[in-house]
Protein chains: 2
Amino acid sequence: MARVTIHDIAREVNSTPSTVSKALNDHPSISAATKEMIKAAALNLNYRQNRLASSLRSGKTNIIGIIIPSSDIGFFGAVVHGIEKVARSNGYNILLFQSHETGEYEVEGVETLLQTSVDGIIASIAKDTPNLDHFYDVKKRKVPLILFDRVKDELESPSVVVDDYRGAYMATEHLIGQGYSRIAHISGPQHVKIFNDRLCGYADALRAYNLPVDDDLIQYGKTSIESGQLCAEQLMQTPRKPDAIFAAVDITALGALQRIKQLGYQMPGQVGLIGFGNESFSPYVTPSLSSVDQQPARMGEESFQLFLNAMAKKGNGQIVEEETEAPTKIILDPVLVIRESSQRKHV
Amino acid sequence: MARVTIHDIAREVNSTPSTVSKALNDHPSISAATKEMIKAAALNLNYRQNRLASSLRSGKTNIIGIIIPSSDIGFFGAVVHGIEKVARSNGYNILLFQSHETGEYEVEGVETLLQTSVDGIIASIAKDTPNLDHFYDVKKRKVPLILFDRVKDELESPSVVVDDYRGAYMATEHLIGQGYSRIAHISGPQHVKIFNDRLCGYADALRAYNLPVDDDLIQYGKTSIESGQLCAEQLMQTPRKPDAIFAAVDITALGALQRIKQLGYQMPGQVGLIGFGNESFSPYVTPSLSSVDQQPARMGEESFQLFLNAMAKKGNGQIVEEETEAPTKIILDPVLVIRESSQRKHV
DNA sequence: CTGAAAGCGCTAACAC
DNA sequence: GTGTTAGCGCTTTCAG
């Protein structure tokens with residue numbers, strides 16, 4: 001009961017392995033009649049292609065590698081979902097690695113992926129990756145590399161990120177539209193790019209509507225509930241209290257939500273609130289938390305599309321061409337998710 | 001700049017491919033000296049093994065396939081996390097497929113996995129899988145098949161599930177321990193096994209503590225917030241109101257939580273509440289929701305362990321042996337996560 | 001302890 | 001339109 005091979009089929013139909021192979025792969029130079037016959041025989045014998053042999057010979061695995069910090073984080077789970085979905089529909093499969101935010105695992109993952117001759121790699125870089133050598137290695141091997149969310153421009157790879165500035169702008173604008181006018185912001189550590197971008201989006205939106213940007217209304221917190229609580233409390237103690245808060249992360253927004261309620265303010269009546277990230281808990285807190293969605297699934301789909309583009313270019317014989325053009329950078333528009341916490345006006 | 005192969009190394013050190021291969025694989029019949037020399041040369045030439053070739057020849061890929069409904073569901077993301085973690089530390093990689101709850105995709109996934117000659121498959125069966133032929137095919141091909149969470153006993157495969165009965169029992173017991181005595185239950189459709197199991201655990205716990213099992217205190221809802229709200233409302237309208245509720249899913253627990261608060265009851269003072277599933281939102285609602293954790297990551301780890309066992313057996317030459325013993329079934333103990341909603345007593 | 005030979009199952013030139 | 005030939009890069013008997 002050994003495995004059925006194309007030799008077996010060839011014997012069965014009095015043909016040869018190469019003809020069988022071509023027929024099964026719908027090669028144009030095989031007559032319709034033979035194709036049909038061979039395919040019937042294959043079905044009959046319960047033939048199943050050996051992709052290892054095929055890949056080894058053809059140099060193409062139809063497998064792409066994914067490296068993410070952890071599949072246990074909702075955001076990345078959703079991105080993987082998006083990638084897998086469109087990858088499969090294009091005949092590609094997914095080899096999944098987690099870096100656990102560790103450079104070491106990331107290096108290991110890249111190494112294994114390269115050994116497996118994957119056709120491409122889609123990655124989101126770990127927080128503590130000390131150097132990028134392993135990724136440069138990928139590029140040197142001419143394996144398409146696509147980055148998403150946790151991007152490094154130095155790698156000069158196609159990438160997809162969400163527009164943090166714009167998301168913050170939209171959130172702030174929404175609050176303004178709801179009639180709030182003293183809008184505070186709970187930001188995060190400024191050396192992290194996204195937090196700075198979101199702060200800028202916030203400030204610019206205020207300016208665009210001729211509202212003052214008041215330093216007293218900007219808090220720099222950490223990414224935790226407690227920090228959100230604290231920041232909210234301090235904001236409500238300022239002489240001229242805010243009537244709304246835009247928090248740079250949902251988790252601090254939640255902390256703020258709790259404290260604001262505790263202090264006896266009506267939400268969204270007296271104080272409006274919006275977060276960023278659209279976490280899985282956001283719809284379920286009370287009042288439900290408005291937020292900015294980063295479209296993770298879409299991010300995955302676009303990443304795969306970028307991989308496909310890279311493949312096409314490669315096939316085009318442009319392999320040797322100097323990298324004249326900058327790599328494609330897709331900047332996704334975030335989407336506003338309006339729930340109770342920010343909706344002062346009746347709909 | 002073609003790929004470096006063991007031939008290149010052999011040439012470099014005046015040896016042969018077979019010796020190089022053995023040295024690189026730490027084969028016992030190679031002297032330490034040669035090993036060292038060959039490894040040095042390999043490093044020097046920047047050699048990277050071609051796993052395709054290796055797998056094709058050896059018949060072992062060190063890849064296992066995973067089939068889950070969707071990586072966008074927190075539970076499955078966590079399971080995958082667990083599997084990948086221990087798989088990697090044992091030298092295995094993960095090929096990931098989503099069934100999207102669809103039999104068709106599941107079949108496709110199994111087919112591709114088999115074509116790729118994976119060493120094993122770990123799966124959680126899609127809801128609408130009409131027949132199990134594809135999984136029987138896996139078994140026929142002697143590829144180890146492990147099931148988790150969504151299990152089918154007919155497949156007679158090793159599996160890991162969580163003990164629903166016990167989780168419900170523990171939850172109910174916990175409420176009793178907190179001094180609640182009229183404990184209601186919001187269940188789900190009884191044709192779904194887990195809901196029936198949880199109902200039994202609930203009832204048995206009451207009996208064990210000599211509390212009556214009152215039909216008026218059992219609601220059969222759907223898996224939605226709204227259903228939870230409705231069930232809670234009806235429970236609070238019964239002549240002799242409950243002083244605590246155990247909900248079979250966190251999402252109905254949340255609906256109950258909202259309605260109970262709305263009706264003006266103190267929680268956990270007047271009404272205690274506990275859910276099941278420990279969803280990602282549960283820590284963040286107010287009051288934070290006690291729940292029963294299903295240990296998804298652990299489930300993944302155990303699943304992989306089961307795969308390893310199956311491999312060991314296979315290697316043992318027991319291939320032909322009749323399946324005398326029933327397949328291992330690991331039943332994980334759920335863990336109680338006590339938060340505010342159920343904690344009446346001071347700690 | 002090392003090497004020679006064979007081949008895993010497939011595809012891709014090239015002939016016919 | 002079909003068949004022949006030659007490997008992809010590796011591991012694995014089996015000789016020596």
Side-chain angles (χ1 to χ4, degrees), chain A residues 1-39 41-42 45-63 91 112 114-119 141 315, chain B residues 1-39 41-42 45-63 91 112 114-119 141 315:
Chain A
M1 152 140 178
R3 186 165 189 156
V4 180
T5 74
I6 50 175
H7 287 86
D8 300 322
I9 300 180
R11 199 179 313 121
E12 187 73 10
V13 301
N14 270 316
S15 179
T16 69
S18 65
T19 304
V20 172
S21 169
K22 283 176 200 152
L24 258 21
N25 290 310
D26 267 329
H27 192 105
S29 74
I30 300 289
S31 77
T34 6
K35 274 184 190 169
E36 205 171 324
M37 182 187 60
I38 288 178
K39 283 181 182 173
L45 293 177
N46 230 299
Y47 169 75
R48 181 140 43 208
Q49 191 195 42
N50 184 329
R51 291 181 88 208
L52 292 176
S54 166
S55 298
L56 176 59
R57 182 62 241 247
S58 69
K60 195 167 182 310
T61 51
N62 274 45
I63 294 177
T112 308
L114 254 18
Q115 289 183 357
T116 313
S117 314
V118 293
D119 291 345
R141 295 296 190 270
Chain B
M1 146 134 181
R3 187 164 187 156
V4 179
T5 74
I6 50 174
H7 286 86
D8 301 323
I9 300 178
R11 199 177 313 120
E12 187 74 12
V13 301
N14 270 316
S15 178
T16 68
S18 64
T19 303
V20 172
S21 171
K22 284 177 201 153
L24 257 22
N25 289 310
D26 266 329
H27 191 105
S29 74
I30 300 289
S31 76
T34 356
K35 275 184 189 168
E36 205 172 323
M37 182 187 58
I38 288 179
K39 284 180 180 171
L45 293 178
N46 230 298
Y47 168 75
R48 180 141 42 206
Q49 189 194 42
N50 183 330
R51 290 181 90 209
L52 293 177
S54 166
S55 298
L56 176 60
R57 181 63 239 252
S58 68
K60 194 164 183 313
T61 51
N62 273 42
I63 294 178
T112 309
L114 254 20
Q115 289 183 358
T116 314
S117 315
V118 293
D119 291 344
R141 295 294 189 273

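Letters A, B, ... are given to chains in the order of the sequence lines, protein chains preceding strands, and every chain is numbered from 1.
- The distance from the CZ atom of Arg51(A) to the OG1 atom of Thr61(B) is 12.0 Å, given to the nearest 0.5 Å.
- Residue-level contact check: Ser58(B) touches the backbone only, with heavy atoms under 4.0 Å from sugar-phosphate atoms and none from bases.
- Contact annotation for Ser15(B): backbone-only contact, meaning every heavy-atom pair under 4.0 Å involves sugar-phosphate atoms and none involves a base.
- In this structure, Arg57(B) places its CZ atom 7 Å from P of dT12(D), rounding to the nearest Å.
- Residue contacts shown for Thr16(A) include a base, since a base heavy atom lies under 4.0 Å away.
- Residue contacts shown for Ser31(B) are limited to sugar-phosphate atoms, with no base heavy atom under 4.0 Å away.
- Contact check, Ser21(A) against dC10(C): no side-chain N or O comes under 4.0 Å of OP1 or OP2.
- Counting atom types as modelled, Ser18(B) pairs no side-chain N or O with a base atom of dT11(D) as donor and acceptor under 3.5 Å.
- Across the protein-nucleic acid pair, Leu52(A) atom CG and dG7(D) atom C1' stand 17 Å apart, rounded to whole Å.
- Ser15(A) contributes no side-chain N or O that, together with a main-chain N or O of Ala10(A), makes up a donor-acceptor pair within less than 3.5 Å.
- When rounded to the nearest whole Å, the span between CG of Asn50(B) and C1' of dG9(C) equals 14 Å.
- To the nearest 0.5 Å, the span separating OG1 on Thr19(A) from CD1 on Ile9(A) amounts to 12.0 Å.
- Across all strands, Ser29(A) comes closer than 4.0 Å to base atoms (heavy-atom distances).
- At a threshold of 4.0 angstrom between heavy atoms, the contacts of Thr34(A) are confined to the sugar-phosphate backbone, with no base atom among them.
- Within 4.0 Å (heavy atoms only), Thr19(B) reaches at least one base atom of the nucleic acid.
- Backbone-only engagement by Thr5(A) is indicated by non-hydrogen atom pairs under 4.0 Å involving sugar-phosphate atoms exclusively.
- Separation of atoms CZ (Arg48(B)) and CZ (Arg3(B)) is listed at 7.0 Å; rounding is to 0.5 Å.
- Between Lys22(B) atom NZ and dT2(C) atom P the separation is 9 Å, expressed in whole Å.
- Distance, Gln115(A) CD to dC10(D) P: 10 Å, rounded to whole Å.
- In this entry the distance linking CD of Glu36(B) with P of dC1(C) reads 15 Å, nearest Å.
- Distance NZ (Lys60(A)) to C1' (dG9(D)): 20 Å, rounded to an integer number of Å.
- Spacing between atom CG of Asn25(A) and atom P of dA12(C) amounts to 8 Å, rounded to whole angstrom units.
- Of all non-hydrogen atoms in Tyr47(B) and Ile6(B), the two that sit nearest each other are OH-CG2, 3.6 Å.
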